[in-house]
Amino acid sequence: MPDSPLNLRLLTHLPPAELRGRRVLLRLDLNVPIERGVVTDDFRIVSSLPTIEYLRAQGARLAIVSHLGRKPEETLLPVAHFLEKLFPVRFCPIVAKLKSMLADLPEGGVLLLENIRREAGEETNDDALARALADSADLYVNDAFASSHRTHTSIVGLPRYLPAVAGLRFAKEVENLGRAFTPPHPFLIILGGAKFETKLPLIERFITMADKIVIYGALAHAFFKELGYELGESLVDKETTVARPFLYHPKIILPADVRVKNGERIFIKTPDTLVATDNILDVGLISIEKLLPIIRSAKFILWNGPLGNFEHGFHGSTEAVAKFISASNAESIVGGGDTVASIRVLNILDQFDFVSTGGGAMLDFLATGTLPGLEALKTSPFLPKLSS
Ligand code: 3PG
């Protein structure tokens with residue numbers, strides 16, 4: 001079996017004829033936005049289709065496993081309805097029925113298991129749940145890159161009991177995001193969004209390798225706080241001292257101006273001139289324009305996190321930067337749920353070289369070079385050879 005650069009065992013390494021009639025547990029990222037019972041953003045579903053189609057074409061029997069949200073009552077039924085428009089789908093309400101339903105499927109047939117987080121033990125990587133799931137199938141395929149930073153049963157537990165391989169999308173994520181480990185230069189990283197501590201490991205890993213790191217969005221507020229600026233009502237992390245080592249770092253670019261809301265009025269200010277009733281919701285024009293020459297001269301751009309408060313309609317800077325990048329010659333990689341959703345609105349997703357399905361998983365993979373789900377595939381005790 002050929003090895004991929006990360007020694008990953010891939011679905012495409014298996015002889016296709018071996019898949020005929022096999023019962024496959026396919027872990028996908030089908031946790032998509034749903035409003036009033038209807039899928040409103042199909043990016044993650046569409047990204048999963050090549051693996052589904054590949055397995056169906058080989059005549060495998062597929063049980064798709066995914067989580068949805070954090071509340072146990074959330075249901076994957078709307079996703080089943082979405083998929084039904086593409087191919088027949090049976091819906092399996094609980095793991096207890098999975099084995100018999102999977103055995104009943106015709107070759108190339110598909111069933112979707114209800115939100116796996118409804119099962120006790122999914123989030124605690126419970127051994128009994130892993131065994132129950134594994135008992136119903138012959139092969140485990142992880143194509144849920146965006147969930148592979150979770151040490152949950154359906155991500156890290158199953159490879160202990162089943163031959164395990166990575167799906168097509170998973171392989172694509174690893175291959176494309178892995179480009180950041182040997183990037184062409186100038187290498188530009190753009191970070192936005194909130195929760196500085198989730199992006200800190202990435203900054204620490206790349207501060208030497210990258211040529212510039214832009215820190216906009218609410219992430220920048222941690223720096224402003226450490227610089228002693230008044231932040232008014234702006235969103236800021238509780239713990240900001242972690243920003244200290246990077247405060248005056250020559251590679252770090254912070255916003256030169258910010259767009260603040262005060263009552264019903266919007267002002268553009270320099271970050272050190274806020275008053276107690278101001279709320280920063282986006283960066284200003286100078287900050288946006290400052291990025292244009294940097295983006296134009298970059299050869300490789302990695303972007304995660306919206307640059308303004310998207311939920312409150314402040315998407316001007318995110319859109320402008322998306323357009324700068326799509327018009328540049330740089331190789332570009334973008335990821336993160338809100339970032340991708342905002343670029344999708346502009347209809348320019350296809351102008352990026354790679355759009356990651358991952359949010360937290362993308363950040364963790366970049367920061368550490370691996371993920372719990374990836375390690376589980378690598379250390380699975382089973383060789384993914386299917387015995388008859
Ligand atoms: C994501 O949506 O970022 C991942 O799929 C993980 O989902 P979770 O944050 O609900 O664990």
Side-chain angles (χ1 to χ4, degrees), residues 2-8 10 47 145-146 166 168-193 198-217 219-220 246 249-255 287-307 317-336 339-340 342-344 346 348-371 374:
D3 280 341
S4 60
L6 277 167
N7 276 327
L8 251 187
L10 305 182
S47 303
F145 177 85
L168 277 63
R169 178 72 205 184
F170 195 114
K172 221 170 152 180
E173 292 275 354
V174 167
E175 189 187 313
N176 281 281
L177 295 179
R179 293 270 304 129
F181 303 137
T182 50
H185 291 270
F187 173 23
L188 171 65
I189 297 180
I190 302 176
L191 297 175
T198 63
K199 283 149 190 158
L200 178 68
L202 191 142
I203 298 170
E204 286 172 338
R205 174 160 189 169
F206 284 98
I207 193 76
T208 316
M209 204 192 301
D211 295 281
K212 295 255 180 278
I213 303 184
V214 172
I215 298 185
Y216 279 14
L219 285 190
F246 305 103
H249 198 289
K251 290 186 179 177
I252 300 272
I253 300 176
L254 295 175
S287 306
I288 297 172
E289 279 168 8
K290 183 161 114 169
L291 295 191
L292 185 56
I294 301 172
I295 290 172
R296 272 202 186 133
S297 62
K299 289 234 167 64
F300 189 76
I301 301 174
L302 190 67
W303 179 16
N304 183 297
L307 308 183
S317 59
T318 302
E319 292 185 6
V321 166
K323 285 183 179 158
F324 290 167
I325 296 176
S326 69
S328 80
N329 294 324
E331 191 178 332
S332 53
I333 293 183
V334 62
T339 325
V340 173
S342 53
I343 297 170
R344 206 174 150 87
L346 294 174
I348 52 172
L349 263 191
D350 57 352
Q351 293 181 35
F352 288 80
D353 291 290
F354 183 68
V355 182
S356 176
T357 52
M362 173 187 176
L363 295 171
D364 287 3
F365 178 75
L366 289 168
T368 65
T370 189
L371 290 175
L374 195 153

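The structure presented is a predicted model; accordingly, all values stated were derived computationally and were not measured.
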Inset, instruction - Measure from the side-chain N and O atoms of Tyr216 to the backbone N and O of Ile288, and report whether any donor-acceptor pair falls under 3.5 Å. - result: no
Inset, instruction - Any chance you could measure Ile325, atom CD1, to Leu291, atom CG, to the nearest 0.5 Å? - result: 8.5 Å
Legend entry - Ile203 vs Ile213, side-chain contact (heavy atoms from CB on, under 4.5 Å): CA-CA, chis, key distance, verdict: CA-CA 8 Å; Ile203 298 170; Ile213 303 184; 4.3 Å; yes
Legend entry - Sidechain N-carboxylate O distance under 4.0 Å for Lys323, Glu319: no
Inset, instruction - Please assess Arg169 against Ser47 for the test side-chain contact (heavy atoms from CB on, under 4.5 Å), listing each intermediate value before the final yes or no. - result: CA-CA 7 Å; Arg169 178 72 205 184; Ser47 303; 3.8 Å; yes
Inset, instruction - Check for a donor-acceptor pair, side chain of Ser332 on one end and backbone N or O of Ile301 on the other, with a separation under 3.5 Å. - result: no
Inset, instruction - To the nearest 0.5 angstrom, please state how far the NE2 atom of His249 sits from the NZ atom of Lys212. - result: 10.5 Å
Legend entry - Qualifying residues under ring-ring contact (aromatic ring centres under 6.0 Å, His included), relative to Phe206, sequence neighbours excluded: Phe187
Legend entry - Side chains of Val355 and Asp350 in contact at under 4.5 Å (non-hydrogen atoms): no
Legend entry - Test item: Ser356 side-chain N/O and Gly335 main-chain N/O as donor-acceptor pair under 3.5 Å: no
Legend entry - Asp211 vs Leu188 side-chain heavy atoms within contact, under 4.5 Å: no
Legend entry - Lys/Arg-Asp/Glu bridge criterion (N-O < 4.0 Å) met for Arg179, Glu331: yes
Legend entry - Side chain proximity check, Met362 to Leu302, heavy atoms < 4.5 angstrom: yes
Inset, instruction - Over all heavy atoms of both residues, which pair between Thr339 and Gly305 is shortest? Give the atoms and the distance, please. - result: OG1-N, 2.9 Å
Inset, instruction - Flag the pair Phe246 / Ile207 as yes when at least one side-chain heavy-atom distance between them is below 4.5 Å, and no otherwise. - result: yes
Legend entry - Heavy-atom check, side chain of Leu307 versus side chain of Ile190, under 4.5 Å: yes
Legend entry - Nearest heavy atoms of Ala361 and Ala146, plus distance in Å: CB-O, 3.6 Å
Inset, instruction - For Phe354, check ring-ring contact (aromatic ring centres under 6.0 Å, His included) against everything at least two apart and list the hits. - result: none
Inset, instruction - Before giving the answer on side-chain contact (heavy atoms from CB on, under 4.5 Å), spell out for Phe352 and Ile333 the whole-Å C-alpha distance, their side-chain angles and the decisive distance to 0.1 Å. - result: CA-CA 6 Å; Phe352 288 80; Ile333 293 183; over 6 Å; no
Inset, instruction - Could you please spell out the steps behind the side-chain contact (heavy atoms from CB on, under 4.5 Å) verdict for Trp303 and Ile189? - result: CA-CA 6 Å; Trp303 179 16; Ile189 297 180; over 6 Å; no
Inset, instruction - Over all heavy atoms of both residues, which pair between Pro184 and Lys299 is shortest? Give the atoms and the distance, please. - result: CB-CB, 4.1 Å
Legend entry - Spacing of Asp364 atom CG and Leu374 atom CG [to the nearest 0.5 Å]: 12.0 Å
Legend entry - Side-chain heavy-atom pair Pro183, Met209 within 4.5 angstrom cut-off: yes
Legend entry - Nearest heavy atoms of Arg205 and Thr368, plus distance in Å: NH1-C, 3.2 Å
Legend entry - Pairwise distance CD1(Ile295) to CZ(Phe324) - rounded to 0.5 angstrom: 6.5 Å
Inset, instruction - For atom NZ of Lys290, decide whether the heavy atoms of other residues, nucleotides or ligands shown that lie under 6.0 angstrom number more than 12. - result: yes
Legend entry - ring-ring contact (aromatic ring centres under 6.0 Å, His included) partners of Phe170, counting only residues at least two apart: Phe145
Legend entry - Heavy-atom closest contact (Ala330 atom, Asp353 atom, distance): O-OD2, 3.5 Å
Inset, instruction - Give a yes or no on whether the backbone of Thr357 and the side-chain of Glu173 come within a donor-acceptor separation of less than 3.5 Å. - result: yes
Legend entry - Side chain Lys251, main chain Val214, donor-acceptor under 3.5 Å: no
Inset, instruction - Please name the pair of heavy atoms, one in Thr318 and one in Ser342, separated by the smallest distance, quoted to 0.1 Å. - result: CG2-OG, 3.3 Å
Inset, instruction - Return yes if some donor-acceptor pair links the side-chain N/O of Ser326 with the main-chain N/O of Gln351 below 3.5 Å, else return no. - result: no
Legend entry - Rounded distance [0.5 Å steps], CD1 in Ile215 versus CD1 in Ile252: 4.0 Å
Inset, instruction - Count the heavy atoms of every other residue, nucleotide or ligand shown that sit under 6.0 Å from CG of Asn329, and state whether that count exceeds 12. - result: no
